[in-house]
Enquirer: 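Provided herewith is a single structure, encoded as structure tokens, for subsequent inquiry.
Just so we're on the same page: letters track the sequence lines, and every chain starts at 1.
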There are 2 protein chains.
Amino acid sequence: MTKSTDSDEAGHAKRYHHGNLVEALITATVEIIEERGAEHVSVREAAKRAGVSPGAPFRHFRSKTALLTAVAEQAMDRLTEAVAKAQSKIGSADPIEAFEAIGQGYLEWAITNPTHFQIISSRTLIDFEASDSLRHQNEAIRRRMIDLLTQAQQHGRLAPDIDFDHLVLAARALVYGLARMALDGHFREWHPSEPPALAAQRALRLFMSRMTILSKA
Amino acid sequence: MTKSTDSDEAGHAKRYHHGNLVEALITATVEIIEERGAEHVSVREAAKRAGVSPGAPFRHFRSKTALLTAVAEQAMDRLTEAVAKAQSKIGSADPIEAFEAIGQGYLEWAITNPTHFQIISSRTLIDFEASDSLRHQNEAIRRRMIDLLTQAQQHGRLAPDIDFDHLVLAARALVYGLARMALDGHFREWHPSEPPALAAQRALRLFMSRMTILSKA
DNA sequence: GTTGCGATGTAAACATTGATTACATACGCA
DNA sequence: TGCGTATGTAATCAATGTTTACATCGCAAC
């Protein structure tokens, strides 16, 4: 059978202008990260998958780093969304429960989406400082955590002798550490009957239970 | 001034055989990681710094990954040494104190030597599974942590209702998370008056104090 | 409609990189 | 002394990031 025009994999007619190259490049890049890891992304490969010439990506991204940063921004949007959803899911207004929900939402998302989490947490492949979106969303989550713990402290739900700043630091480090351990394959030696995501959840639960005071209700 | 022979930067006569190329390449690679990050190491650059042709490194390392893995092995040796020293430094035989000393030694080393820690914790640039040395030393530290907590439990120094496996996981995640946060620049927003290494120490101290029971002595 | 301009693509080129191959040299042991 | 093998060089290859000159399309103004 003959075709009047060339076509790409999806069967669309191959036009000179792609129409949605930015999105296509980001999608292709995510695919490559899934297959080979973020360190082994190549712009040319992404261009090829988008059905476009090697130079085309540079019309939209100043550099390879800029492309990867765009991927990170998309990923951060999804993380923020997942964290928000985890918070709204628990009806409770209890600040401790809300705080833990952030951690659980973060953890679940990071473990379920290792590809996206990998690109977010990398600071050598992307230009974190140059992206307002990345910095602001990161800061927003951090501030929300501090707010919730401040509320908890005011309600007498934290041990009075506890150092507030270092508790926040420990909580963030615990969640971040669990997520990165999952990503870096540190769970390979874990009990096979308990999935990593569940183990991480329980470690966080343990931490919260020892650091906080149960509500009187 | 005239020289009878060519010489390298250090002034040694340039011989056809380098004499200690393996070490020189590892050293050069560490330098490059310090300057540009582990992702941007190039074998050719390492060869140039060692005063040798671009193909020479491949006589000693099958691939770029193998070179980076060798760097990781050297780094892991030093980490093991630092952890051992931190343990011997505290005279106490108290298992809880020994456990915390491991964490503090690990943390201090990782924060003081970000370059070496970076290459150890990367799992996409090196071939962790292929290196007996890396796997064994990693496993040794992990086993030592479990041993110490087991002893602590037997001496009644852990809360009886605590889940042992998840405590070990949380402890490891906390230390690993703190180390990676320092490496990834997450401490930039921290109080300038308290250095990151100290803040991390205190977060770990807080964790330990809430998870364990004070000795009667 | 036609025109024309800016946005978006292509093709070709360049320097750099990881890796291989054929050849050169020198160390150390018989 | 002589020779084999470990270790180096030089040349080469394909892949990559990025730039430049040119081609094509989309769309607003006339």
Enquirer: Within residues 55-64 of chain B, find the residues that approach DNA chain D with a heavy atom at under 4.0 Å, and present them sorted by residue number.
Expert: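 Within this stretch, B:Ala56, B:Arg59, B:His60 sit under 4.0 Å of the strand.
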Enquirer: Using a distance-only test with no angle check, is there a side-chain donor-acceptor pair under 3.5 angstrom linking A:Asp165 and B:His191?
Expert: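 Yes, a side-chain donor-acceptor pair sits under 3.5 Å.
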Enquirer: Could you check how far NE2 of A:His40 sits from P of C:dT17, rounded to whole Å?
Expert: 16 Å
Enquirer: Just call it for A:Pro54: base, sugar-phosphate, or nothing, with non-hydrogen atoms closer than 4.0 Å on any strand.
Expert: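 Result for A:Pro54 = base.
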Enquirer: Rounded to whole Å, how long is the line connecting atom CZ of B:Arg44 with atom C1' of D:dA15?
Expert: 12 Å
Enquirer: Just how far, in rounded Å, is C1' of C:dT16 from CD of B:Glu45?
Expert: 11 Å
Enquirer: Round to a whole Å and report the spacing from CG of A:Leu25 to C1' of C:dG9.
Expert: 12 Å
Enquirer: Starting at atom CD of B:Glu39, determine the distance to atom C1' of C:dG18, rounded to an integer number of angstrom.
Expert: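 Roughly 17 Å, once rounded to whole Å.
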Enquirer: Which of these passes side chain to side chain donor-acceptor pair (under 3.5 Å) with A:His166: B:Gln201, B:Glu194, B:Arg202?
Expert: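 One option only clears the test, and that one is B:Glu194.
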Enquirer: Checking all strands, does B:Val22 fall into the base, sugar-phosphate, or nothing category for heavy-atom contacts under 4.0 angstrom?
Expert: nothing
Enquirer: Restricting to pairs with a member in residues 117-132 of chain A, which pass salt bridge (Lys or Arg N to Asp or Glu O under 4.0 Å), not counting sequence neighbours?
Expert: A:Glu129-B:Arg188, A:Asp132-A:Arg135
Enquirer: Would B:Ser133 and B:Gln137 count as having a side-chain donor-acceptor pair, cut-off 3.5 Å?
Expert: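 Their side chains do contain a donor-acceptor pair, which is all the 3.5 Å distance test asks for.
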Enquirer: Which is it for A:Arg142 and A:Glu139 under the salt bridge (charged side-chain N to carboxylate O under 4.0 Å, His left out) test, yes or no, and what are the steps along the way?
Expert: CA-CA 5 Å; A:Arg142 184 173 144 272; A:Glu139 182 62 15; 2.7 Å; yes
Enquirer: With a sphere of 6.0 Å drawn around CD of A:Glu108, does it hold more than 12 non-hydrogen atoms of other residues, nucleotides or ligands?
Expert: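 Atom CD in A:Glu108 is not packed in, count stays at 12 or less.
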Enquirer: Could you check how far CG of B:Leu67 sits from C1' of C:dT17, rounded to whole Å?
Expert: 14 Å
Enquirer: Heavy-atom nearest nucleotide on DNA chain C for A:Leu21 versus B:Thr65: which residue maps closer to 5'?
Expert: A:Leu21
Enquirer: How many whole angstroms separate atom CG of A:Asn20 from atom C1' of C:dG9?
Expert: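 Roughly 15 Å, once rounded to whole Å.
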Enquirer: Looking for any heavy atom pair under 4.0 Å, which part of the strands does B:Ser42 touch: base, sugar-phosphate only, or nothing?
Expert: sugar-phosphate
Enquirer: Measure the spacing between CG of B:Leu169 and CE of B:Met145 and express it to the nearest 0.5 Å.
Expert: 10.0 Å
